Protein chains: 2
Amino acid sequence: MAQQARSPRRLEIRQQKVTLILQAAEKVFAEAGFGGATMQLIADLADLPKANLHYYFATKEDLYRRVVQNIFEIWLHAAEVMDNALGPVEGIGAYIDAKMEISRAHPDGSKLWAYEVMHGAPVIQDYLETTLRDWTTGRAALIQRWIDQGKMRPVNPEHLLYMLWATTQHYADFGHQVETLNGGKPLSDRQWREAKEQVKTTILRGIGAI
Amino acid sequence: MAQQARSPRRLEIRQQKVTLILQAAEKVFAEAGFGGATMQLIADLADLPKANLHYYFATKEDLYRRVVQNIFEIWLHAAEVMDNALGPVEGIGAYIDAKMEISRAHPDGSKLWAYEVMHGAPVIQDYLETTLRDWTTGRAALIQRWIDQGKMRPVNPEHLLYMLWATTQHYADFGHQVETLNGGKPLSDRQWREAKEQVKTTILRGIGAI
DNA sequence: TCGTTTCCTGACCGTATGGTCAAGGGAAAG
DNA sequence: CTTTCCCTTGACCATACGGTCAGGAAACGA
């Protein structure tokens with residue numbers, strides 16, 4: 001009954017394929033939504049037979065769940081830059097930088113997260129209620145400490161966090177709109193830098209941190 | 001061959017039903033996405049036989065297109081408050097107010113717009129390239145004028161507009177997340193007012209308008 | 001080499017979906 | 001009243017989808 005240990009080679013191949021499938025799935029789910037995505041599309045993108053997907057992931061929901069969980073962990077991990085900061089300029093500035101980088105490097109993940117939340121978070125509701133709520137409470141307390149120390153104006157920390165999320169994720173979630181308004185061309189390095197700086201400056205000035 | 005004029009009574013009934021269908025469709029499309037929505041769900045919500053939907057809207061795409069176009073026009077119309085303003089405090093302040101109101105009153109429309117843009121705007125790409133681009137260019141020029149008049153700090157007007165869109169629409173698109181982090185309860189009147197004020201204050205201070 | 005476990009996949013199945021249609025109901029026009 | 005046209009709808013169809021499975025290939029351990 002005990003699960004037999006897999007050989008290293010087997011394990012490696014398994015992990016490679018799982019990763020390949022997850023990458024293809026992230027893209028397809030982000031582009032089409034859960035309902036619009038099909039296992040066949042994901043299989044084609046990963047260049048695998050559809051049945052092979054079902055060998056690694058029992059159902060479409062399972063696959064979707066794994067993709068969303070992956071994204072969530074990347075985000076949580078990237079948010080650690082805010083801790084250990086001496087004040088809002090350093091902490092919030094670094095957080096904005098990190099989130100803008102993610103928006104640029106992983107737009108599909110950001111879109112998928114937006115898609116999931118927009119539809120009532122059917123899959124990751126428990127994460128919202130536990131991990132994300134704890135994280136938010138902790139950072140809100142940190143911001144409140146900065147306020148008490150006179151390092152920034154008194155604001156509602158939750159709403160400030162929403163502003164950070166909204167402004168940074170916008171460049172991923174609405175990237176197509178931004179690109180269209182940019183003459184159909186993706187933002188250049190310079191434009192990304194400008195966007196990042198303007199978001200940071202505006203918010204940090206807005207909360208009286210600079 | 002000419003379209004025969006319809007009687008007033010017929011026209012009225014027709015319009016009522018079309019509106020009913022559009023409302024049901026907006027909700028279902030927003031909740032499930034285009035792929036996840038089904039004509040049967042929309043029909044059930046509108047309390048009509050499915051075949052009746054196809055009498056008024058030939059295909060699912062047609063219905064979706066009409067819904068998205070409706071939303072777009074509401075948005076454009078609401079944006080007029082920005083014109084005729086004497087400066088950024090009045091103009092941008094009123095625009096934020098208007099957009100926050102829309103986020104609260106029409107979250108489904110906002111979500112559907114987000115959904116459409118996130119998926120590459122397959123239906124309203126031409127609107128983005130014409131109407132929205134023109135609108136954006138005009139408001140960017142307005143903001144630039146305010147900058148030239150020394151009424152606010154020099155910022156990139158486009159990125160400022162993105163910040164306005166992002167922060168206000170966040171309360172609709174990510175309303176479920178906001179609600180979950182609010183203890184599972186929707187924002188109260190007081191909290192909405194607080195959110196609106198904080199967004200306005202932070203941005204207007206951030207751009208040096210106050 | 002041989003038996004065992006893991007992995008792979010073409011063919012298949014039940015279901016649900018978008019869309020069609022023909023027949024009927026009912027208001028307006030004559 | 002009769003005719004015409006718009007509207008309504010239950011029944012139906014073809015397709016595409018998620019998921020299954022049996023049988024074979026490949027890798028592993030002894």
Side-chain angles (χ1 to χ4, degrees), chain A residues 1-22 24-29 31-68 115 119 122-123, chain B residues 1-22 24-29 31-68 115 119 122-123:
Chain A
M1 281 300 131
Q3 174 82 11
Q4 172 146 354
R6 262 185 266 261
S7 76
R9 167 143 180 69
R10 283 257 161 99
L11 249 174
E12 190 189 349
I13 290 179
R14 192 182 184 83
Q15 217 158 13
Q16 276 183 359
K17 269 207 170 162
V18 166
T19 303
L20 180 70
I21 294 170
L22 286 174
E26 177 175 316
K27 187 167 183 187
V28 173
F29 280 133
E31 280 175 0
F34 179 81
T38 71
M39 294 300 268
Q40 190 62 60
L41 269 173
I42 298 170
D44 289 349
L45 188 61
D47 201 29
L48 291 174
K50 193 184 67 165
N52 205 349
L53 262 66
H54 279 101
Y55 177 74
Y56 287 101
F57 300 93
T59 68
K60 191 182 174 186
E61 273 93 351
D62 281 349
L63 179 53
Y64 179 77
R65 190 184 307 266
R66 279 286 304 274
V67 172
V68 174
Y115 178 89
H119 293 39
V123 165
Chain B
M1 282 300 130
Q3 173 83 11
Q4 170 147 354
R6 262 183 266 261
S7 76
R9 165 141 180 71
R10 283 260 161 102
L11 247 175
E12 190 188 348
I13 289 179
R14 192 182 183 82
Q15 217 159 14
Q16 275 183 359
K17 271 211 168 157
V18 166
T19 303
L20 179 70
I21 294 171
L22 286 174
E26 177 175 316
K27 187 167 185 188
V28 172
F29 279 134
E31 280 176 358
F34 179 81
T38 71
M39 294 300 268
Q40 189 61 60
L41 269 173
I42 297 169
D44 289 349
L45 188 61
D47 202 29
L48 291 174
K50 194 185 66 166
N52 205 348
L53 262 65
H54 279 101
Y55 176 75
Y56 287 101
F57 300 93
T59 68
K60 190 182 173 186
E61 272 92 352
D62 280 349
L63 178 51
Y64 178 77
R65 191 184 307 265
R66 279 286 304 274
V67 172
V68 174
Y115 178 89
H119 294 38
V123 164

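Remember, it's a predicted structure, so these values are computed and weren't measured experimentally. In what follows, every chain begins at residue 1, and chains take the letters A, B, ... in the order their sequences are listed.
The shortest distance between the side-chain N/O atoms of A:R14 and the OP1/OP2 oxygens of C:dC7 is below 4.0 Å. Within the structure, every side-chain polar atom (N or O) of B:Y55 is placed at least 4.0 Å from both OP1 and OP2 of D:dT8. Side-chain nitrogen and oxygen atoms of B:Y56 include none within less than 4.0 Å of the OP1 or OP2 phosphate oxygen of D:dC7.
Between B:A25 and B:V67 the shortest heavy-atom distance is CB-CG2, 3.8 Å. Heavy atoms only, all atoms of each residue included: B:A37 and B:V28 are closest at CB-CG1, 3.6 Å. Taking each heavy atom of A:A43 and A:P49 in turn, the nearest pair found is CB-C, 4.2 Å.
Here C:dC8 presents its C1' atom at 6 Å from CG of A:N52, a figure rounded to the nearest Å. The interatomic distance linking A:L48 (CG) with C:dC8 (P) rounds to 8 Å, in whole Å. Put simply, NZ on A:K17 is 7 Å from C1' on C:dC8, counting in whole angstrom units. Atom CG in A:D62 sits roughly 14 Å away from atom P in D:dG18 (whole-Å rounding). In this structure, A:I13 atom CD1 and C:dT6 atom C1' are separated by 11 Å, rounded to whole Å. Rounded to whole Å, the distance from CG on A:L53 to P on C:dG10 is 13 Å. Across the protein-nucleic acid pair, B:E12 atom CD and C:dA27 atom C1' stand 14 Å apart, rounded to whole Å. Following rounding to the nearest Å, B:D44 (CG) and D:dT9 (C1') show an atom-to-atom distance of 14 Å.
Contact check for A:L22 versus A:F57: side-chain heavy atoms found under the 4.5 Å cut-off. Residues B:F29 and B:K60 are in side-chain contact: their nearest non-hydrogen atoms beyond the backbone lie under 4.5 Å apart. By the 4.5 Å heavy-atom criterion applied to side chains, A:L63 and A:M39 are counted as neighbours. Using a 4.5 Å heavy-atom cutoff, the side chains of A:K17 and A:N52 are in contact.
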Pull out every protein N or O sitting under 3.5 Å from an N or O of nucleotides 22-25 of chain D, one pair per line with the distance.
none

Would you tabulate the pairs of protein nitrogen or oxygen atoms and nucleotide nitrogen or oxygen atoms of nucleotides 17-22 of chain C closer than 3.5 angstrom?
{"residue": "C:dG18", "atom": "OP1", "partner": "B:A37", "partner atom": "O", "Å": "3.2"}
{"residue": "C:dG18", "atom": "OP1", "partner": "B:K60", "partner atom": "NZ", "Å": "3.1"}
{"residue": "C:dG18", "atom": "OP2", "partner": "B:M39", "partner atom": "N", "Å": "2.9"}
{"residue": "C:dG18", "atom": "N7", "partner": "B:K50", "partner atom": "NZ", "Å": "3.0"}
{"residue": "C:dG19", "atom": "OP2", "partner": "B:K60", "partner atom": "N", "Å": "2.7"}
{"residue": "C:dG19", "atom": "N7", "partner": "B:K50", "partner atom": "NZ", "Å": "3.1"}
{"residue": "C:dG19", "atom": "O6", "partner": "B:K50", "partner atom": "NZ", "Å": "2.8"}

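The ring-ring contact (aromatic ring centres under 6.0 Å, His included) search around B:H119 returns B:Y115, not counting sequence neighbours.
A donor-acceptor pair under 3.5 Å is absent between the side-chain atoms of A:K27 and the main chain of A:I42, judged by distance alone.
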